[in-house]
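One structure is given here, and the rest of the page talks about it.
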Protein chains: 2
Amino acid sequence: MRIAIDAMGGDHAPGLIVKGALEAAAEWPDTQLLLVGDTALIEKELGGVKPPNVTIIHADEVIGPDDEPVKAVRRKKTSSMVIAGQLVREGKAEAMLSAGNTGALMTTGLLVVGRIAGIERPALAPMLPTMDDVGVLALDLGANMDAKPEHLLQYGIMGSIFRTKIHGMDNPRVGLLNVGTEAMKGNELTKAAYELLEAAPINFVGNVEANGVLTRKCDVLVCDGFSGNIMLKAMEGTAGFLMKEIRNAFTSTWLTKIAALIVRPKMLQLKAKMDYKEYGAGLLLGVNGLVLKCHGSSDNKAVRNAVGKARTAIETQLIQSITAEMGRK
Amino acid sequence: MRIAIDAMGGDHAPGLIVKGALEAAAEWPDTQLLLVGDTALIEKELGGVKPPNVTIIHADEVIGPDDEPVKAVRRKKTSSMVIAGQLVREGKAEAMLSAGNTGALMTTGLLVVGRIAGIERPALAPMLPTMDDVGVLALDLGANMDAKPEHLLQYGIMGSIFRTKIHGMDNPRVGLLNVGTEAMKGNELTKAAYELLEAAPINFVGNVEANGVLTRKCDVLVCDGFSGNIMLKAMEGTAGFLMKEIRNAFTSTWLTKIAALIVRPKMLQLKAKMDYKEYGAGLLLGVNGLVLKCHGSSDNKAVRNAVGKARTAIETQLIQSITAEMGRK
């Protein structure tokens with residue numbers, strides 16, 4: 001299998017992106033990694049070592065974090081992100097991943113890679129942390145700000161296939177993000193989506209409140225990109241604030257510092273669990289190829305993990321399954 | 001001043017509601033408290049002691065937590081909640097408060113008390129906690145699920161008046177809940193509302209993300225009831241989960257229990273700060289009288305505090321100020 005990596009996107013590009021690619025190349029010798037970006041810069045990072053399963057694909061432009069997404073993708077045809085997208089579109093790679101400009105990556109998915117027939121709006125689908133460490137697949141978390149009920153239905157179907165294929169779940173529970181659990185709760189969008197989801201060939205378990213995510217009241221959480229993103233940032237902000245306050249509580253006196261030492265292992269575990277940076281990445285579901293969004297602050301470990309995720313999605317034929325399901329209707 | 005208290009609403013009604021009213025009556029002898037509910041039950045709770053500034057107003061029905069709001073308010077004309085609303089409408093009380101059915105209370109505000117001329121949709125406006133303990137007034141947090149841009153504009157104006165009057169703030173900063181801080185971020189609703197808020201005679205500071213609430217990026221946070229409620233429950237769920245995990249971390253061994261003793265005062269402080277139950281209450285802004293929603297689990301302390309808040313709102317002529325501002329246009 002072949003995975004294209006945007007070597008120029010993200011806070012730590014190209015350094016840690018290339019480093020992560022090398023780690024992935026060593027771990028999975030059967031996987032061809034296509035490093036897309038400035039050849040000279042990538043070669044410098046490689047330091048003269050290029051494993052047989054790593055290929056450099058030159059791109060002389062870069063889409064920056066402040067570029068206007070649609071304009072950038074349309075104009076910067078030779079940017080690393082757009083070229084990586086073209087590799088997927090042309091079947092020269094089964095997957096692409098990027099830690100660059102999120103909006104531009106979603107536009108690349110939509111305009112360069114293209115949609116799966118029957119899917120109107122692709123969705124950004126990251127995993128959110130849960131108490132039991134199994135996680136909830138949430139979609140859409142920001143690809144489209146204004147969703148229609150049919151879009152939410154498609155998110156539910158795609159999410160259900162994702163968890164069945166990628167996580168081997170049997171009959172994953174699909175929930176609808178809402179302000180209450182009763183059937184007729186919510187706004188016009190969720191009320192209409194509820195009816196569609198209820199009639200769909202999925203295991204729809206009804207409305208789920210934002211505080212039901214951590215307790216995993218469902219395996220797939222369907223939401224529009226606006227409220228999903230609001231939810232994610234509320235969780236992130238609260239967790240970040242609390243962890244900071246707790247650190248302050250522990251460092252105030254020498255006595256509390258001793259207390260900190262005692263509970264340190266458990267606290268580090270909790271911190272890792274609640275680090276929403278780890279969860280900012282996800283597939284762009286609904287595009288006709290695997291497009292993986294890595295968090296902007298991705299380091300080599302994040303890149304290596306993303307390659308692992310892309311491999312699983314390729315092996316389990318996720319895209320083919322969604323395409324088949326959409327073609328059935 | 002006269003404040004009507006729905007003695008029958010809430011998890012601890014009538015017991016702790018009456019207890020809280022007695023505490024408030026003792027603290028503010030200038031305030032007449034009208035306890036609305038079943039006379040026999042209230043008298044039993046009073047235990048033969050009825051201060052001169054406490055009056056019982058009999059109501060022989062109760063709106064329960066599971067009653068369908070609109071139906072309940074229309075049919076249960078002699079319920080404690082509806083009668084309290086009528087007292088405000090008829091000018092026999094300047095304020096009412098209830099810990100009962102939230103939807104029914106909002107309906108009581110809308111149908112019994114009535115709207116301020118010019119306000120299309122009243123909004124539920126609680127204070128959310130911030131790191132600096134000053135708090136953010138957020139509205140709407142659930143009175144209306146589908147908002148129009150003009151509603152968000154009215155929320156901004158009412159919120160600004162609230163913080164000026166109630167908290168003595170000079171030129172409070174009004175922010176719009178959104179998925180990013182840049183001007184053109186968001187969905188159709190927020191994009192249109194942004195323009196209206198920018199042109200309004202308030203100190204509009206632009207878009208604010210959910211993770212900017214705790215750091216008080218604004219003093220008034222404007223949002224539609226759906227996403228506001230999603231945000232609140234996401235914060236609540238995350239804070240609740242983390243506090244629980246931390247308690248678990250501290251109680252796992254005798255050594256960690258010692259650590260817990262050391263940081264206990266600071267942790268209790270933090271727990272109180274992050275207890276969103278404390279923040280579930282708020283005014284229903286936009287109705288033509290003070291309608292205060294107390295959290296369902298309100299105890300005597302919460303009722304006493306709510307009376308204090310109602311007093312401040314009466315003294316500072318909040319409703320009159322909103323009415324005047326709306327009449328100006």
Side-chain angles (χ1 to χ4, degrees), chain A residues 131 142 144-147 177-180 185-191 209-215 223-246 248-250 252-253 255-263 265-267 269-270 273-274 276, chain B residues 131 142 144-147 177-180 185-191 209-215 223-246 248-250 252-253 255-263 265-267 269-270 273-274 276:
Chain A
M131 279 193 208
N144 303 290
M145 288 300 128
D146 288 283
L177 179 64
N178 214 326
V179 298
K185 280 273 176 179
N187 55 15
E188 286 169 22
L189 173 66
T190 59
K191 283 179 193 170
E209 293 177 293
N211 53 16
V213 175
L214 276 161
T215 51
C223 53
D224 68 278
F226 186 84
S227 36
N229 198 283
I230 296 288
M231 175 189 73
L232 182 65
K233 281 176 181 155
M235 288 173 161
E236 193 186 327
T238 309
F241 166 74
L242 268 174
M243 295 315 284
K244 199 170 142 186
E245 284 291 301
I246 288 162
N248 289 346
F250 277 126
S252 53
T253 68
L255 204 59
T256 60
K257 281 178 191 162
I258 293 172
L261 283 176
I262 298 172
V263 291
K266 183 77 187 174
M267 284 297 161
Q269 232 181 335
L270 193 58
K273 185 179 277 194
M274 299 306 287
Y276 281 84
Chain B
M131 278 194 211
N144 304 290
M145 287 301 129
D146 289 282
L177 179 65
N178 213 325
V179 298
K185 280 275 177 178
N187 56 15
E188 285 169 21
L189 173 66
T190 60
K191 283 179 192 171
E209 293 177 292
N211 52 18
V213 174
L214 276 160
T215 52
C223 52
D224 67 277
F226 185 84
S227 35
N229 198 283
I230 296 286
M231 176 189 72
L232 182 66
K233 280 178 181 153
M235 288 173 161
E236 192 186 328
T238 308
F241 166 74
L242 268 173
M243 296 314 284
K244 198 169 144 188
E245 284 291 301
I246 289 161
N248 288 345
F250 277 125
S252 53
T253 68
L255 204 56
T256 60
K257 281 177 190 162
I258 293 173
L261 282 177
I262 299 171
V263 291
K266 182 79 188 172
M267 284 298 160
Q269 230 181 336
L270 193 58
K273 185 179 276 194
M274 300 307 286
Y276 281 84

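Not measured: the values here are computed from a predicted model. Reminder, nothing fancy here: chain letters follow the sequence lines and each chain counts from 1.
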Should Ile246(B) and Met267(A) count as side-chain neighbours, where that means a heavy-atom distance under 4.5 Å?
-> yes

Nearest heavy-atom pair of Phe226(B) and Asp224(A): which atoms, and what distance?
-> CE2-OD1, 4.4 Å

Among Lys266(A), Met231(A), Lys233(A), which has the most heavy-atom pairs under 4.5 Å with chain B?
-> Lys233(A)

Can you tell which part of Glu188(A) gets under 4.5 Å to a heavy atom of chain B, answering side chain, backbone, both or neither?
-> both

If you tally heavy-atom pairs under 4.5 Å between each of Gly228(B), Ser227(B), Gly240(B) and chain A, the highest tally belongs to Ser227(B)

Thr215(B) portion near chain A, given a 4.5 angstrom heavy-atom threshold | neither

Could you tell me which non-hydrogen atom of Asn187(A) sits nearest to which non-hydrogen atom of Met145(B), and how far apart they are?
-> CB-O, 3.6 Å

Separation between CD of Glu236(B) and CG of Asn211(A), rounded to the nearest 0.5 Å = 5.5 Å

Side chain to side chain contact (heavy atoms under 4.5 Å, CB included) with Lys257(B): which residues, sequence neighbours excluded?
-> Thr251(B)

Pair count under 4.5 Å, heavy atoms only, with chain A: among Asn178(B), Val179(B), Asn229(B), Leu255(B), highest is Val179(B)

Heavy atoms of Ala234(B) and Ala210(A) approach each other most closely as N-CB, 3.5 Å

Is it the backbone or the side chain of Leu261(A) that comes under 4.5 Å from a heavy atom of chain B, or both, or neither?
-> neither

What part of Ile230(B) is in contact with chain A, defined as an atom under 4.5 angstrom from a non-hydrogen atom: side chain, backbone, both or neither?
-> both

Rounded distance [0.5 Å steps], CZ in Phe241(B) versus CG in Leu270(A) = 6.0 Å

Closest non-hydrogen contact found for Leu242(A) with Met243(B) is CD2-SD, 3.9 Å

